[in-house]
**Student:** 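If you scroll down you'll find the structure; I have some questions about it.
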2 protein chains.
Amino acid sequence: MDRHDEAASPDISSSASAHHSGTGTLGKVLSVLEIVVTSDRPLRFSDILTLSGQPRGTLHRQLSHLLEEGLLTQGRDLCYEPGLRLLKFAYRSWSKNQFRAVAAPHLRRLHEETGETVHLGVLRGTEIIYVDKVESRQTVRMQSQIGNASPVYCTGLGKAALSVLPPVRLAETLGQLNFHRFTANTHLSAASLMRDLDEARLQGYAFDREEHETEIRCVAAPIHDAGFDLVAGISVTGPAYRVTMEQLENWARLVRQVAIAISEDIEIRLGPGR
Amino acid sequence: MDRHDEAASPDISSSASAHHSGTGTLGKVLSVLEIVVTSDRPLRFSDILTLSGQPRGTLHRQLSHLLEEGLLTQGRDLCYEPGLRLLKFAYRSWSKNQFRAVAAPHLRRLHEETGETVHLGVLRGTEIIYVDKVESRQTVRMQSQIGNASPVYCTGLGKAALSVLPPVRLAETLGQLNFHRFTANTHLSAASLMRDLDEARLQGYAFDREEHETEIRCVAAPIHDAGFDLVAGISVTGPAYRVTMEQLENWARLVRQVAIAISEDIEIRLGPGR
DNA sequence: GAGTCAGTTCCGAATAATGGAACATCAATG
DNA sequence: CATTGATGTTCCATTATTCGGAACTGACTC
């Protein structure tokens with residue numbers, strides 16, 4: 001249903017070499033894991049070899065360790081695939097996520113008022129990670145895209161989140177962006193993106209005008225805690241044939257209010273400590 | 001010291017100290033990660049210190065690395081919580097899981113015939129990990145328990161999976177079990193469990209007679225590939241007031257047939273190679 | 001102010017990761 | 001059927017990382 005993934009080659013290389021410092025061994029192993037997990041097609045040893053740029057011997061050991069730990073599995077014809085332990089980790093992470101729990105009732109309220117799909121997403125680096133969603137007509141397929149990551153620059157959630165970022169962090173983030181065209185409306189430069197962000201900052205909400213998927217629009221509002229450790233957003237999304245831009249404008253204030261309510265709830269419930 | 005925490009937690013189990021060899025650094029870091037992720041309540045540094053048995057300095061570095069990599073986050077009052085990167089990994093893993101994709105249409109068929117919730121679960125160590133599910137009336141709460149892990153010894157899926165395991169692996173697995181009472185019917189010894197397994201092996205299906213949750217029953221059948229690299233199962237689950245044991249008996253053959261169909265599909269579609 | 005507990009930092013010693021090169025396996029090719 | 005080439009695996013001396021005890025900080029208690 002969703003075709004959110006980039007086509008072939010655009011940005012794989014960036015994540016591989018980015019981590020060459022800081023976390024030592026762990027970082028290197030994780031970047032290998034990430035290569036396998038984020039790839040579109042199954043990868044064989046040599047694919048990973050070239051993508052990761054590690055020496056043969058090293059890579060081989062890293063992969064064996066990942067296999068042994070259950071983070072990867074080796075399928076038919078020696079292809080490496082993500083392992084089940086990841087799923088287990090993820091379930092626990094999600095179900096114990098405090099932020100999600102606090103926001104959940106607000107999401108439901110927003111869904112009841114609008115009737116359209118509501119998302120909760122958190123900013124992580126240059127991506128928005130979907131943490132929860134409420135939708136009416138649960139399409140039978142894929143239970144949720146929870147955990148899916150979308151680029152900041154072409155989603156309402158992303159733009160909402162960016163719009164409240166302190167200038168330094170915003171600059172950093174913008175600097176790391178790799179623009180890629182998803183639709184005719186996708187922003188392709190920081191400059192063009194900035195215009196939307198300025199608008200969002202003024203109004204308190206942001207739109208996605210079919211910038212990520214054609215025929216899909218949304219309006220989103222930002223959420224953040226006092227220290228900007230948590231920067232997130234909520235959005236109402238709908239198909240273009242049913243949801244006009246005018247309709248979105250009408251929902252905008254509501255979305256913003258709910259976002260503010262969540263922010264307040266966070267500060268109260270998750271302790272003003274710190 | 002005191003183990004003031006084990007009281008309330010059902011299935012923390014043994015995995016923490018098990019990995020002390022093989023994967024070197026990675027294994028140790030992962031067991032720390034697992035401690036945090038599988039814990040019921042938020043953990044502070046010293047909690048992890050005692051649970052992991054690592055020296056202070058070491059643990060501190062491991063945690064910093066996990067933080068830096070986004071696998072953990074540090075919430076209010078210095079508590080460690082699972083990080084968002086895990087969710088991202090999980091989404092990719094799940095959506096690209098070949099086995100799940102092949103089985104999906106069969107699950108839907110089974111759901112249409114029975115009208116009750118259908119699960120697909122895979123055996124991993126002493127746990128069953130839920131990989132997919134189809135249910136009619138999406139209860140508003142918790143989108144899915146995909147990725148959730150349940151003990152083998154008290155679920156239909158678990159018993160079905162165990163029943164087809166080659167003797168040596170079965171013995172190994174049974175040896176690692178830590179029995180814990182969930183309901184009045186929960187098996188509490190390998191011996192008592194074995195009786196169910198023998199029955200399941202003969203019939204080709206297994207029951208959960210309210211052994212994990214009261215008022216919840218299910219019937220399950222095993223799936224496995226030729227080399228027993230993949231051992232899994234499907235189940236039909238329902239509330240006791242609506243689903244009698246007699247009803248389950250009637251569904252048993254159907255469940256078994258669908259499981260066999262999936263097994264065949266696996267061998268065909270995922271290559272007899274290897 | 002003494003005492004305890006939680007978290008952080010330091011540094012020599014121990015250990016695990018590194019990566020080049022040799023080995024193995026299997027197809028396709030001459 | 002031997003040759004080539006591409007792929008996956010193993011080995012081992014070197015090197016960089018991790019280890020872990022101990023010492024430091026700071027906060028809170030009695």
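By convention in this document, chain letters (A, B, ...) are assigned in the order of the sequence lines, proteins followed by strands, and residues within each chain are numbered from 1.
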**Student:** Does any N or O in the side chain of A:Trp94 come within less than 3.5 Å of the main-chain N or O of B:Leu87, such that one atom is a donor and the other an acceptor?
**Tutor:** no
**Student:** For the pair made of NZ in B:Lys28 and P in C:dA14, what is the distance, rounded to whole Å?
**Tutor:**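 Atom NZ in B:Lys28 sits about 15 Å away from atom P in C:dA14.
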**Student:** Between D:dT17 and B:Thr25, is there an OP1 or OP2 to side-chain N/O distance shorter than 4.0 Å?
**Tutor:** no
**Student:** Can you list everything that forms a ring pair (Phe, Tyr, Trp, His ring centres under 6.0 Å) with A:His106? Sequence neighbours excluded, please.
**Tutor:** none
**Student:** When you look at A:Tyr153 and A:Lys159, which way does the side-chain contact (heavy atoms from CB on, under 4.5 Å) test go after all the steps?
**Tutor:** CA-CA 6 Å; A:Tyr153 59 86; A:Lys159 294 193 288 185; over 6 Å; no
**Student:** Extract from the structure each pairing of a protein N or O with an N or O of nucleotides 9-12 of chain D at less than 3.5 Å, listing the distance.
**Tutor:**
residue: D:dT9; atom: OP2; partner: A:His60; partner atom: NE2; Å: 3.2
residue: D:dT9; atom: O5'; partner: A:His60; partner atom: NE2; Å: 3.4

**Student:** What is the distance, rounded to the nearest whole Å, between atom CD of A:Gln54 and atom C1' of D:dA16?
**Tutor:**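 Spelled out: CD on A:Gln54 to C1' on D:dA16 is 14 Å.
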**Student:** Would you kindly give the CZ-to-P distance between B:Arg44 and C:dT8, to the nearest whole Å?
**Tutor:** 12 Å
**Student:** State whether the side chain of B:Ser46 and the backbone N or O of B:Leu49 hold a donor-acceptor pair below 3.5 Å, judged by distance alone.
**Tutor:**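 Flag not set: sc B:Ser46 to bb B:Leu49 has no pair under 3.5 Å.
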**Student:** Rounded to the Å, how far apart are B:Leu43 CG and C:dG7 C1'?
**Tutor:**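 Those two atoms, CG and C1', are 15 Å apart.
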**Student:** Please list every donor-acceptor pair under 3.5 Å in which a side-chain atom of residues 160-173 of chain B meets a protein atom from a residue at least two apart or in another chain.
**Tutor:**
residue: B:Ser163; atom: OG; partner: B:Ala160; partner atom: O; Å: 2.7
residue: B:Arg169; atom: NH1; partner: B:Phe228; partner atom: O; Å: 2.7
residue: B:Thr173; atom: OG1; partner: B:Arg169; partner atom: O; Å: 2.7

**Student:** Which residues satisfy the side-chain contact (heavy atoms from CB on, under 4.5 Å) test with B:Ser64, sequence neighbours excluded?
**Tutor:**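 Checked B:Ser64 against side-chain contact (heavy atoms from CB on, under 4.5 Å); matches are B:His60.
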**Student:** Would you kindly give the CG-to-P distance between B:Leu26 and C:dA17, to the nearest whole Å?
**Tutor:**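 Interatomic distance, CG of B:Leu26 to P of C:dA17: 9 Å.
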**Student:** What integer distance in Å separates B:His65:NE2 from C:dT8:P?
**Tutor:** 14 Å
**Student:** Name all residues meeting the side-chain contact (heavy atoms from CB on, under 4.5 Å) criterion together with B:Pro42; count only those two or more places apart in sequence or in a different chain, and write none if there are none.
**Tutor:** A:Gln98, B:Cys79
**Student:** Can you check the A:Leu59 CG to C:dG19 C1' distance for me, whole Å?
**Tutor:**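 Atom CG in A:Leu59 sits about 12 Å away from atom C1' in C:dG19.
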**Student:** Looking at A:Gln62, I'd like to know whether one of its side-chain N or O atoms comes within less than 4.0 Å of OP1 or OP2 on C:dT18.
**Tutor:**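 Affirmative; the distance criterion is met.
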**Student:** How does each nucleotide of nucleotides 25-30 of chain D score, in 5' to 3' order, for protein heavy atoms under 4.0 Å: base (B), sugar-phosphate only (S), or none (-)?
**Tutor:** ------
**Student:** Roughly how far, to the nearest 0.5 Å, is the CZ atom of B:Arg92 from the CG atom of A:Leu33?
**Tutor:**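 The CZ atom of B:Arg92 is 12.0 Å from CG of A:Leu33, to the nearest 0.5 Å.
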**Student:** Look at B:Ser46 and C:dG7 and indicate whether a side-chain polar atom (N or O) is within less than 4.0 Å of OP1 or OP2.
**Tutor:** yes
**Student:** Relative to the ring of A:His212, is the ring of A:Phe182 parallel (under 30°), tilted (30 to 60°) or perpendicular (over 60°)?
**Tutor:**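 Perpendicular, since the angle between the ring planes exceeds 60°.
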